[in-house]
Amino acid sequence: MPLSGVYEPSTSDWARNQAELSERSGGTEGTTMRGMPVIILTTVGAKSGKLRKTALMRVEHTGEYAVVASLGGAAKHPVWYFNIVAHPHVELQDGPVKRDYLAREVAGEEKALWWERSVAAYPDYADYQAGTDREIPVFVLTPF
Ligand SMILES: C[C@H](OP(=O)(O)OC[C@@H](O)[C@@H](O)[C@@H](O)Cn1c2nc(=O)[nH]c(=O)c-2cc2ccc(O)cc21)C(=O)N[C@@H](CCC(=O)N[C@@H](CCC(=O)O)C(=O)O)C(=O)O
């Protein structure tokens, strides 16, 4: 059952532009960053209840995806992290395909496995983690 609600654009021009370009083009544009694949995650706002769209690096393995709350290695989580915690039913658009997923934060060995896959997809994640005391969260999205 796709998410329903009012879309509220991000206040970050960079983030808003890529998410909206991908949506507007049906997932045919705005699908890479520096040549690496990007997906669009739709979450329900933890406070507003509005739909939020966030461009993230694509990390996929046998139909499941990981989303990495790196925020460039900042000391704090991105705001979308709190949306997923509050509302784990998310939508992910990968190119022209948009599906519903249930998100869960992973830890321990499972996180280590998905962290390896994430760094393989986007090596900068390793630098981000090395540059902050914050443990960068990883969610695994399972289709339903
Ligand atoms: C700027 C802020 O964005 P954010 O949710 O903190 O996310 C910051 C970034 O992670 C986000 O811009 C990402 O798109 C950046 N980004 C990546 N960010 C990552 O963390 N990981 C990535 O892999 C990643 C890849 C990527 C690729 C391309 C690209 O263009 C951007 C990429 C934002 O949108 N704030 C909104 C509020 C958003 C929101 O969800 N509000 C909640 C409140 C939540 C709460 O406060 O509890 C609500 O509506 O209820 C606002 O200021 O109006």
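Any value given below was found using the heavy atoms of this structure, including those in side chains, with hydrogens, waters and symmetry copies removed. First listed ligand is number 1; within each ligand, the first listed atom is number 1. Positions are given from 1, in the same order as the sequence printed here.
- Under the 4.0 Å criterion applied to side-chain N and carboxylate O atoms, Lys111 and Glu116 are not assigned as salt-bridge partners.
- With a 4.5 Å cut-off on side-chain heavy atoms, Gln18 and Val38 count as touching.
- Where the criterion is an N or O separation shorter than 3.5 Å, residue side chain and backbone included, Ser48 meets it with respect to ligand 1.
- Nearest protein heavy-atom contact of atom 6 (O) of ligand 1 is Val79 N, 2.7 Å.
- Counting heavy atoms closer than 4.0 Å to ligand 1, residue Asn83 contributes side-chain atoms (C-beta onward) but none from N, CA, C or O.
- Side-chain contact between Pro9 and Glu20 is present, with heavy atoms from C-beta onward closer than 4.5 Å.
- Looking only at heavy atoms of the protein, atom 35 (N) of ligand 1 is closest to Thr11 OG1, 4.1 Å.
- Between Lys98 and Glu23, the closest side-chain pair of non-hydrogen atoms falls below 4.5 Å.
- Of all atoms in ligand 1, listed by their number and element, those nearer than 4.0 Å to a heavy atom of Gly45 are 48 (C), 49 (O), 50 (O).
- Between Lys50 and ligand 1 there is no heavy-atom distance shorter than 4.0 Å.
- Taking the ring centroids of His89 and Tyr101, they lie at or beyond the 6.0 Å cut-off.
- For Phe82, every heavy-atom contact with ligand 1 shorter than 4.0 Å involves the side chain, none the backbone.
- Every pair tested for salt bridge (charged side-chain N to carboxylate O under 4.0 Å, His left out) that includes a residue from residues 67-79 fails, sequence neighbours excluded, so the list is empty.
- Aromatic ring centres of Phe139 and Tyr65 lie farther apart than the 6.0 Å criterion allows.
- Heavy atoms of Tyr125 found under 4.0 angstrom from ligand 1 belong exclusively to the side chain.
- In this structure, the side chains of Arg16 and Asp13 come closer than 4.5 Å at one or more pairs of heavy atoms.
- The distance criterion of under 3.5 Å between nitrogen or oxygen atoms is not met by Ala15 with respect to ligand 1.
- Interface of Trp80 with ligand 1, defined as ligand atoms under 4.0 Å from a residue heavy atom, comprises 4 (P), 5 (O), 7 (O), 10 (O), 20 (O).
- Side-chain atoms of Val140 and Glu105, non-hydrogen and from C-beta on, never get closer than 4.5 Å to each other.
- Shown in contact with Ser10 at under 4.0 Å from a heavy atom are these atoms of ligand 1, numbered in order with element: 1 (C), 33 (C), 34 (O).
- Contacts between Gln18 and ligand 1 below 4.0 angstrom, taking non-hydrogen atoms only, involve the side chain exclusively.
- If you number the atoms of ligand 1 from 1 as listed, the ones under 4.0 Å from a heavy atom of Leu71 come out as 8 (C), 9 (C), 10 (O), 19 (C), 20 (O).
- The N/O atoms of Gly49, backbone and side chain alike, include none that comes under 3.5 Å of an N/O atom in ligand 1.
- Of the protein's non-hydrogen atoms, the one nearest atom 31 (C) of ligand 1 is Trp14 CZ2, 3.4 Å.
- For Val68, a nitrogen or oxygen atom sits less than 3.5 Å from a nitrogen or oxygen atom of ligand 1, counting backbone and side chain alike.
- At a 3.5 angstrom cut-off on N or O pairs, Lys47 counts as close to ligand 1.
- For Ala55, a nitrogen or oxygen atom sits less than 3.5 Å from a nitrogen or oxygen atom of ligand 1, counting backbone and side chain alike.
- Closest heavy-atom approach to atom 36 (C) of ligand 1 within the set His87, Arg52, Lys76, Met33: this belongs to Arg52.
- In this structure, Tyr81 has no heavy atom closer than 4.0 Å to ligand 1.
- For the pair Thr54 and Asn83, the minimum side-chain heavy-atom distance is 4.5 Å or more.
- Here the side chains of Ile136 and Leu71 are not in contact, with every heavy-atom distance at 4.5 Å or above.
- Residues passing the side chain to side chain donor-acceptor pair (under 3.5 Å) test with Thr42 are Lys53, sequence neighbours excluded.
- The nearest heavy-atom contact from the protein to atom 11 (C) of ligand 1 is Thr54 CG2, 3.8 Å.
- Glu60 contributes a side-chain N or O that, together with a main-chain N or O of Gly63, makes up a donor-acceptor pair within less than 3.5 Å.
- Comparing heavy-atom distances from atom 18 (N) of ligand 1 across Leu56, Ile40, Val59 singles out Leu56 as nearest.
- Looking at Thr28, its side chain does come within 3.5 Å of a backbone N or O of Ser25 through a donor-acceptor pair.
- No N or O atom of Pro9 sits closer than 3.5 Å to an N or O atom of ligand 1.
- Ligand 1 places these atoms under 4.0 Å from at least one heavy atom of Ser12: 1 (C).
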